[in-house]
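Numbers for residues simply follow the sequence, beginning at 1. Keep in mind that this is a model prediction, so the values were computed, not measured.
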Amino acid sequence: QVHLVESGGGLVQAGGSLRLSCVVSGRAFSWYAMGWFRQAPGKEREFVAAISRTGFSANYSDSVKGRFTASRINARNTLFLQRNSLKPEATAVYYCNAGPWNEAISEMLGLYGTWGQGTQVTVSS
């Protein structure tokens with residue numbers, strides 16, 4: 001079975017930086033497209049970013065494009081999500097997931113991907 005564990009969340013001051021990581025075990029990391037989603041209190045889970053199996057291409061939600069950057073290091077079975085100049089609106093539980101296909105397709109990840117447990121990010125003013 002594939003297991004995903006997010007880390008790097010916590011309390012961050014507005015204007016600070018965030019880097020989340022997601023470590024995959026149980027399967028070859030390079031076999032999977034991966035993505036990030038988030039869920040704020042009282043809101044539905046939303047797509048943030050997805051990256052292809054090779055890491056060559058990535059897709060972002062229109063709401064976060066230009067603010068978040070996803071990357072991966074396949075040799076370390078690790079996915080990252082980076083943002084500088086954080087705002088309180090970024091407060092949410094962030095989840096990574098993975099699916100056994102090549103492309104960074106957010107719909108496929110959301111519906112059929114394997115989820116991590118999530119990591120809480122709180123941005124204070």
Side-chain angles (χ1 to χ4, degrees):
Q1 297 292 319
V2 175
H3 295 91
L4 299 88
V5 180
E6 302 94 335
S7 62
L11 180 63
V12 184
Q13 293 291 323
S17 298
L18 171 73
R19 190 169 94 153
L20 304 179
S21 62
C22 174
V23 178
V24 180
S25 63
R27 302 278 182 167
F29 179 75
S30 62
W31 295 355
Y32 291 85
M34 299 186 68
W36 289 100
F37 294 74
R38 67 181 180 184
Q39 187 167 21
K43 297 182 179 180
E44 297 182 353
R45 189 174 300 185
E46 65 175 347
F47 167 69
V48 177
I51 190 164
S52 66
R53 178 186 295 183
T54 63
F56 185 75
S57 63
N59 293 317
Y60 297 89
S61 167
D62 289 341
S63 66
V64 304
K65 189 176 181 65
R67 297 184 287 116
F68 285 90
T69 301
S71 61
R72 66 192 293 168
I73 302 176
N74 287 355
R76 298 183 180 182
N77 295 339
T78 303
L79 173 72
F80 298 99
L81 184 69
Q82 173 75 43
R83 185 189 175 182
N84 299 324
S85 301
L86 281 167
K87 297 180 179 179
E89 63 195 43
T91 295
V93 178
Y94 286 75
Y95 300 88
C96 70
N97 72 2
W101 49 83
N102 292 321
E103 303 305 321
I105 305 172
S106 61
E107 294 86 354
M108 289 288 292
L109 289 167
L111 291 172
Y112 306 112
T114 298
W115 296 94
Q117 84 288 349
T119 184
Q120 175 71 52
V121 174
T122 302
V123 183
S124 62
S125 300

Can you list, pair by pair, the side-chain donor-acceptor contacts under 3.5 Å of residues 9-22, counting residues two or more places apart and other chains?
residue : atom : partner : partner atom : Å
Q13     : OE1  : S124    : OG           : 3.4
Q13     : NE2  : S124    : OG           : 3.2
S17     : OG   : N84     : OD1          : 2.9
S21     : OG   : S7      : OG           : 2.8

Note to self: Quick test of your reading: applying side-chain hydrogen bond (donor to acceptor under 3.5 Å, both in side chains), list the pairs with at least one residue in residues 107-117, sequence neighbours left out, ordered by first then second residue.
What the structure shows: E6-Q117
Next item on the list: Measure the SG-CG distance between C96 and L4 for me, rounded to the nearest 0.5 Å.
Entry: 4.5 Å
Margin query: If we ignore hydrogens and angles and just use 3.5 Å, is the side chain of W101 paired with the main-chain N or O of R53 as donor and acceptor?
Written below: no
Checklist line | Which atom of W36 lies closest to which atom of A70, heavy atoms considered | finding: CD1-CB, 4.5 Å
Next item on the list: Please collect all side-chain hydrogen bond (donor to acceptor under 3.5 Å, both in side chains) contacts where either partner lies in residues 88-98, sequence neighbours excluded, each pair once.
Entry: R38-Y94
Checklist line | For the student: nearest non-hydrogen atoms of A104 and A58, plus distance | finding: CB-CA, 4.4 Å
Check: What residues, two or more places apart in sequence or in another chain, satisfy side-chain contact (heavy atoms from CB on, under 4.5 Å) together with S85?
Finding: none
Notebook entry, point to check: Roughly how far apart are T119 OG1 and L81 CG, rounded to 0.5 Å?
Noted result: 11.0 Å
Note to self: With side chain to side chain contact (heavy atoms under 4.5 Å, CB included) as the criterion, how do M34 and V24 come out once you've worked through the C-alpha distance, each side chain's angles and the decisive distance to 0.1 Å?
What the structure shows: CA-CA 10 Å; M34 299 186 68; V24 180; 3.3 Å; yes
Next item on the list: Working to the nearest 0.5 Å, report the span between OG1 of T122 and CG of L86.
Entry: 11.0 Å
Check: Do I73 and F80 have side chains that get closer than 4.5 Å, going by heavy atoms?
Finding: yes
Notebook entry, point to check: With side chains defined as the heavy atoms from C-beta onward, is the minimum distance between E46 and E44 less than 4.5 Å?
Noted result: no
Check: Would you say R72's side chain and S52's backbone share a donor-acceptor pair under 3.5 angstrom?
Finding: yes
Notebook entry, point to check: Is there any ring pair (Phe, Tyr, Trp, His ring centres under 6.0 Å) pair reaching into residues 42-73, and which pairs are they, with sequence neighbours excluded?
Noted result: F37-F47
Checklist line | Contacts of S61 that satisfy side chain to side chain donor-acceptor pair (under 3.5 Å) - sequence neighbours left out | finding: S63
Check: Between CG of N102 and OG1 of T54, what distance do you get to the nearest 0.5 Å?
Finding: 8.0 Å
